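Everything on this sheet refers to the single structure shown next.
If you read the sequence from its start, that first residue is 1, and numbering goes on from there. Atoms within a ligand are numbered from 1 in the order they appear, just like the ligands themselves. Side chains included, hydrogens not; waters and symmetry mates left out as well; all remaining heavy atoms used. From a predicted model like this one, the values you see are computed outputs, not experimental measurements.
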Amino acid sequence: MNTPEIRGTTRLLGLIGDPVTHSFSPTMHNAALVALGLDAVYVPLEVHPENLEAAVRGLQACGWWGFNVTIPHKQAIVPFLDRLESPAHQVGVVNTVRIETDGSLTGTNTDAEGFVQPLTVRQWIGKTALILGCGGSAFAVVAGCQALGFDQIFVVGRNSEKLKDFAARLPNPQGVKTADWFMAESLLPRADLLVNTTPIGMVPDIENSPLENLKALSKGAIVYDLIYRPRPTRLLQIAQSGNLVCIDGLAMLVAQGAAALQFWTGKVPPIEIMTQAALRALE
Ligand code: NAP
């Protein structure tokens, strides 16, 4: 059984976002909670932006254990938290909150940890990354690339004001350069890693790709799409046809979820069970 039994003692975990109906997190986390034998359950909660503070105070008042935070609340939630742990405190983007025993709220961000997980098999010191998009997850991707040792990181975006704001908010701008979207193709020959952090290609937009031609990438380059629906995206299909190494967003989804579960419970997460649950949800 992949759903925990609910009793009077059951502790509550969940996800706040708008929308949340598409999320695999409930399936993944409940499978993990059952496997760990924890008396806890994970539920999705649709919270509209105007209700964010009331929802957070409600979870606090009801003694929840913790919750994940997704679009559009990852930055808006920061003023309602009591403290931020690294790397959330540097970038101001939160995807996980723990409610402490005194009721105070600790925010963190597990996306960077999730992002690097499938990349750790290679040595990246001195290499160059090209990141498409400069939204919330791009902060985590930059932090992850810096942790892996990348020498140069290019971030391209379609909106010059947002790009400027992104650059200004980077806690460690060393080695990071921003460029307009139209520069992406010309930067391909320099990239050892190409990362898509835009939603282009995600269901229902499956016919589209942020870039149509990847021929300028070097043969050993990796193409990493944060999207996990569909698998593969059109970007990864183009990369596969050029015999490039591809990574989709599933491993990151599982790894960021596992890190969140450990942050709440202190237990070692059952990665394989979480992966199988996410795959079942995808089917
Ligand atoms: P976000 O904060 O909304 O950022 C999206 C970025 O993509 C923004 O810079 C946005 O630019 C840009 N963008 C959107 N449409 C574009 C277009 N047509 N052309 C060029 N740029 C475009 O979203 P996010 O939280 O970073 O998430 C982005 C994607 O990553 C989503 O698909 C999400 O599902 C995925 N994700 C996956 C995981 C995982 O665990 N696998 C984790 C986090 C996110 P504007 O600001 O100008 O709109």
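In terms of N/O distances under 3.5 Å, ligand 1 is not approached by G133.
Compare D225, N159, T198 by their heavy atoms: the one nearest to atom 13 (N) of ligand 1 is in T198. Among A251, S137, G135, the residue whose heavy atom lies nearest to atom 6 (C) of ligand 1 is G135. Of the listed residues (Q75, R229, M202), the one carrying the non-hydrogen atom nearest atom 34 (O) of ligand 1 is M202. In this structure, of P199, C134, G201, the residue bringing a heavy atom nearest to atom 9 (O) of ligand 1 is C134.
Checked for salt-bridge contact, D39 and R7 meet the test: a charged N lies under 4.0 Å from a carboxylate O. Between K164 and E161 there is a salt bridge, since at least one side-chain N of the basic residue sits less than 4.0 Å from a carboxylate O of the acidic one. A salt bridge does not link D180 with R158: none of the charged nitrogens is closer than 4.0 Å to a carboxylate oxygen.
Nearest protein heavy-atom contact of atom 46 (O) of ligand 1 is K162 NZ, 2.9 Å. Of the protein's heavy atoms, I200 CD1, 3.3 Å lies nearest to atom 19 (N) of ligand 1. Protein heavy atom closest to atom 37 (C) of ligand 1, with residue, atom name and distance, is L226 O, 3.3 Å. Protein heavy atom closest to atom 25 (O) of ligand 1, with residue, atom name and distance, is I71 CD1, 3.6 Å. Closest to atom 20 (C) of ligand 1, if we only count protein heavy atoms, is R158 CD, 3.5 Å. With respect to atom 29 (C) of ligand 1, the closest heavy atom belonging to the protein is T197 O, 3.5 Å. Among protein heavy atoms, atom 42 (C) of ligand 1 sits closest to M252 CE, 3.6 Å.
Residue-ligand proximity, I227 to ligand 1, at heavy-atom distances under 4.0 Å covers atoms 32 (O). Distances below 4.0 Å separate heavy atoms of Y228 from the following atoms of ligand 1: 41 (N).
Shown here is E212, whose CD atom has more than 12 heavy atoms of other residues, nucleotides or ligands within 6.0 Å. Around atom CD of Q174, no more than 12 heavy atoms belonging to other residues, nucleotides or ligands sit under 6.0 Å away.
By the 30° and 60° cut-offs, the orientation of the rings of F139 relative to F166 is tilted.
Contact annotation for atom 3 (O) of ligand 1: protein absent (non-hydrogen atoms, distance under 4.0 Å). In this structure, atom 39 (C) of ligand 1 has a protein heavy-atom contact shorter than 4.0 Å.
Judged by the 6.0 Å distance and 45° axis criteria, R11 is positioned over the aromatic ring of W65.
Using modelled atom types, one finds no donor on one side chain facing an acceptor on the other under 3.5 Å when comparing T128 with R190. A side-chain donor-acceptor contact under 3.5 Å links E100 and T106.
Results of the side-chain hydrogen bond (donor to acceptor under 3.5 Å, both in side chains) test with N68 over T96, T110, N95 single out T96 as the only residue that passes.
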